[in-house]
There are 2 protein chains.
Amino acid sequence: MQALVGFVTDEGLVPGDRLPTERVLAERLKVSRTTVREALTRWQELGLVERRQGSGTYLKAAVTRNMLHMPLTLASGNDFNSLMHTLEIRRGLEAEAAALSAERVSDADIAMIEQKLIRMEEAFHERHGMSADEDWDFHLAVFRASGNPLFEQIIAAMYEMFHRFWEHPLGVRDFGHASFPYHRTLFNAIAARDPVAARAEALKLIATVEDDLKRGAANLKKQTQKNRVHN
Amino acid sequence: MQALVGFVTDEGLVPGDRLPTERVLAERLKVSRTTVREALTRWQELGLVERRQGSGTYLKAAVTRNMLHMPLTLASGNDFNSLMHTLEIRRGLEAEAAALSAERVSDADIAMIEQKLIRMEEAFHERHGMSADEDWDFHLAVFRASGNPLFEQIIAAMYEMFHRFWEHPLGVRDFGHASFPYHRTLFNAIAARDPVAARAEALKLIATVEDDLKRGAANLKKQTQKNRVHN
DNA sequence: TTCTTTCAATTGGTTGGACCATTGTGCCAA
DNA sequence: TTGGCACAATGGTCCAACCAATTGAAAGAA
C-alpha cells in the first residue's frame with residue numbers, strides 16, 4: 001500500500017500519466033496482483049486514479065505521502081435536506097474564512113479580490129443575474145486570502161455538490177440574486193481588515209442563499225399539491 | 001457492486017450492525033469472495049464500513065441507493081501550520097455544529113451526549129488526562145445531534161490528521177487538558193437548547209486546543225535551539 | 001494510397017482455492 | 001472466581017487461471 005505511493009512518487013509520475021500494468025506493478029513491488037488491485041481500487045475510490053479496461057490505469061491527481069482523505073457522502077444528494085446540509089457547512093466555513101481573511105489579507109490579495117468582485121458585478125449587470133463562475137472566482141479569492149488551503153478545497157466540494165445536478169436549484173430561476181449586494185459589503189469589510197464585520201457580511205450572504213433554497217422548497221411543495229389536485 | 005447495496009438495504013441493516021462474513025456474502029450474492037472484498041474495500045474507503053480482522057465488518061453509515069460520493073484528498077503535512085489549519089476548520093465547523101445541535105437536539109440526544117460526557121469525565125479522572133477515544137465519542141454525539149452528517153465526516157478527517165502521528169502532539173504531554181471543563185459547559189448549553197451559548201462554549205474549547213498547539217510549537221522551537229547549542 | 005474490417009495482443013475484471021494473522025470465545029485448571 | 005490456553009471464526013494476502021473490453025496493427029477492399 002505505502003509501497004505504491006513510494007513507487008509513484010519515485011517514478012515522478014504526474015496527473016495524466018499512465019501507470020504500469022497491474023501485472024508489472026505486482027512484480028516490481030514484490031506483491032501479488034490481487035494486492036496491487038486492492039490498493040488501486042482504494043485509489044480509484046478516492047479519485048486518485050482512473051482505470052480503463054483494455055487500456056490501462058491513469059493518474060488523475062498528484063499522489064504524495066501524508067495525504068488527508070476525506071470521503072464525503074450525502075444520502076441521495078438531490079433533496080432539499082441535502083442541499084441545506086451543504087449550506088450549513090458553508091455557513092460555518094465561509095464565516096470563518098471571511099474573518100481570517102480580514103485578519104491576514106495582503107494588499108495584493110485585496111487587489112485580487114476587488115478585481116474578481118468587479119468582474120462578477122459586470123457579469124451580473126450583463127446577464128441580469130448571478131453568474132456561477134464569476135461568483136465562485138470571487139469567493140475563491142477570499143478563501144485564498146485566508147492562507148488556509150483547506151477552506152478552498154472543502155467548500156469547493158460543497159459547491160460541486162450544490163451545482164452538480166441543478167442549474168437552477170429546485171426551480172428558483174433567480175437563484176442567488178439576493179446575495180449580490182453582500183459580495184461588495186463583504187469585500188469592504190475584508191479590505192478594511194475588520195474580521196467581525198467580514199464574518200457578519202459572510203453570514204448575511206449565506207442567509208440569502210438559504211432563503212432562496214427555502215423558497216424553492218416551498219415552490220416545490222405547492223407544485224406537488226397542485227398536481228395532487230389535478231389528479 | 002449494486003447488489004451489495006441492495007442486500008444491505010433489503011436486510012434493513014443500520015449503522016453499527018455487523019455484516020455477514022465475506023464468505024457468506026460471496027455465496028449469497030453469487031459472486032466470488034474477491035469481488036465482495038473489492039466492493040467492501042471501496043465502501044471502506046468511502047467510510048461506509050469498518051473492517052476488523054478476526055472480528056468482522058461493521059456498518060458505519062446508512063447505505064442507500066442514490067448516494068452522492070465526493071472523495072476529497074488534501075495534501076497536508078505534519079507540521080505546525082497544517083495542524084493549525086485543521087484547527088481553523090474545526091473552529092468554524094464545531095461552533096456551527098454546536099449551535100445547530102442546541103437548536104435541534106432531541107431528549108434522546110441529550111441523554112446520549114450526557115452519557116458520553118460522563119464516560120469522558122470518568123476516563124479523565126482515572127488517567128489524569130484527556131482520553132482521545134472518549135473525547136471523540138463525546139464530540140461525535142454532539143455532531144450527530146446537529147442532524148447534518150457532513151459535520152461528522154469532515155471533522156473526522158481533521159481529527160485523524162491530528163492524531164495520526166502524535167499521541168502527544170508536538171511533545172505537549174497534557175495536550176487537551178485545558179479543554180476538559182468546557183466539555184461540560186458545552187453540554188449544558190446544548191441541553192438548555194441555547195445556540196448562542198453553545199457556540200460560545202465550543203469556541204472556548206477550540207481556543208484551549210489552539211493554545212496547547214502554540215505552546216507545543218514554542219517548546220519545539222526551544223528544543224531546536226537547545227540542540228543547536230549542544231552541537 | 002486510403003479507408004475499412006478483422007483479429008490477436010494487451011489490459012483490467014472475476015473466480016476459486018489456499019494459507020496467514022488477528023481476534024473473540026469458551027473450556028479448563030489453579 | 002480468575003487466569004491462561006487452545007480453537008474456531010474472520011479479515012488479509014497470495015496464486016494461477018480465465019473472462020471481457022480496448023487497442024492497435026495487419027490484412028483486405030476501394
Side-chain angles (χ1 to χ4, degrees), chain A residues 1-8 11 13-61 63 65 67 69 71, chain B residues 1-8 11-61 63 65 67 69 71 73 126 131-134 136-137 156 160 163-164 167:
Chain A
M1 187 62 222
Q2 287 302 321
L4 229 184
V5 180
F7 175 84
V8 172
E11 213 73 0
L13 296 178
V14 297
D17 284 359
R18 185 165 165 286
L19 270 68
T21 74
E22 296 177 346
R23 291 170 176 82
V24 172
L25 229 37
E27 189 181 359
R28 288 235 227 158
L29 300 176
K30 304 276 180 57
V31 294
S32 74
R33 188 173 158 231
T34 311
T35 307
V36 171
R37 280 187 57 77
E38 287 240 353
L40 286 180
T41 302
R42 297 171 67 168
W43 281 23
Q44 182 182 29
E45 215 58 17
L46 293 171
L48 295 178
V49 299
E50 181 184 347
R51 301 156 105 180
R52 291 213 298 273
Q53 186 171 166
S55 176
T57 303
Y58 300 85
L59 207 57
K60 275 180 69 179
V63 171
R65 291 182 182 78
M67 280 181 307
H69 300 302
Chain B
M1 187 62 223
Q2 287 303 321
L4 229 184
V5 180
F7 175 83
V8 172
E11 213 72 1
L13 296 178
V14 297
D17 284 359
R18 186 165 165 284
L19 269 68
T21 73
E22 298 178 347
R23 291 170 176 84
V24 172
L25 228 38
E27 189 182 359
R28 289 236 224 154
L29 300 177
K30 304 278 181 57
V31 293
S32 76
R33 187 177 158 223
T34 312
T35 306
V36 170
R37 281 189 58 76
E38 288 240 351
L40 286 179
T41 303
R42 297 170 67 170
W43 281 22
Q44 182 181 29
E45 217 58 16
L46 290 174
L48 296 179
V49 298
E50 182 183 348
R51 300 154 105 178
R52 290 212 299 274
Q53 185 171 165
S55 176
T57 303
Y58 301 85
L59 206 59
K60 276 180 69 181
V63 172
R65 292 181 180 80
M67 281 183 304
H69 299 299
T73 70
E126 279 176 16
S131 167
D133 287 343
E134 280 79 2
W136 173 238
D137 281 346
E160 186 193 329
H163 296 291
R164 186 178 258 174
E167 188 65 22

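In the text below, chain A, chain B and the rest are named by the order of the sequence lines, each starting its count at 1. All values below were derived from every heavy atom in this structure, side-chain atoms included, with hydrogens, water molecules and symmetry-related copies excluded.
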How would nucleotides 12-19 of chain C be written as a contact map, 5' to 3', with B for base contact, S for sugar-phosphate-only contact and - for no contact, using protein heavy atoms under 4.0 Å?
BBBBB-BB
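Atom CG in B:L59 sits about 17 Å away from atom C1' in D:dG11, given to the nearest Å. Between the CD atom of A:E50 and the P atom of C:dT11 there is a distance of 17 Å, given to the nearest Å.
You'll find the side chain of A:Q53 stays beyond 4.5 Å of the side chain of A:R51, heavy atoms only. Taking the side chain as every heavy atom from C-beta outward, B:L25 and B:V31 never approach each other to under 4.5 Å.
Side-chain atoms of B:R37 and A:T34 form no donor-acceptor pair, as typed in the model, at a separation below 3.5 Å.
At most 12 heavy atoms of other shown residues, nucleotides or ligands fall within 6.0 angstrom of atom CD in A:E27.
The side-chain hydrogen bond (donor to acceptor under 3.5 Å, both in side chains) search around B:S55 returns B:Y58, not counting sequence neighbours.
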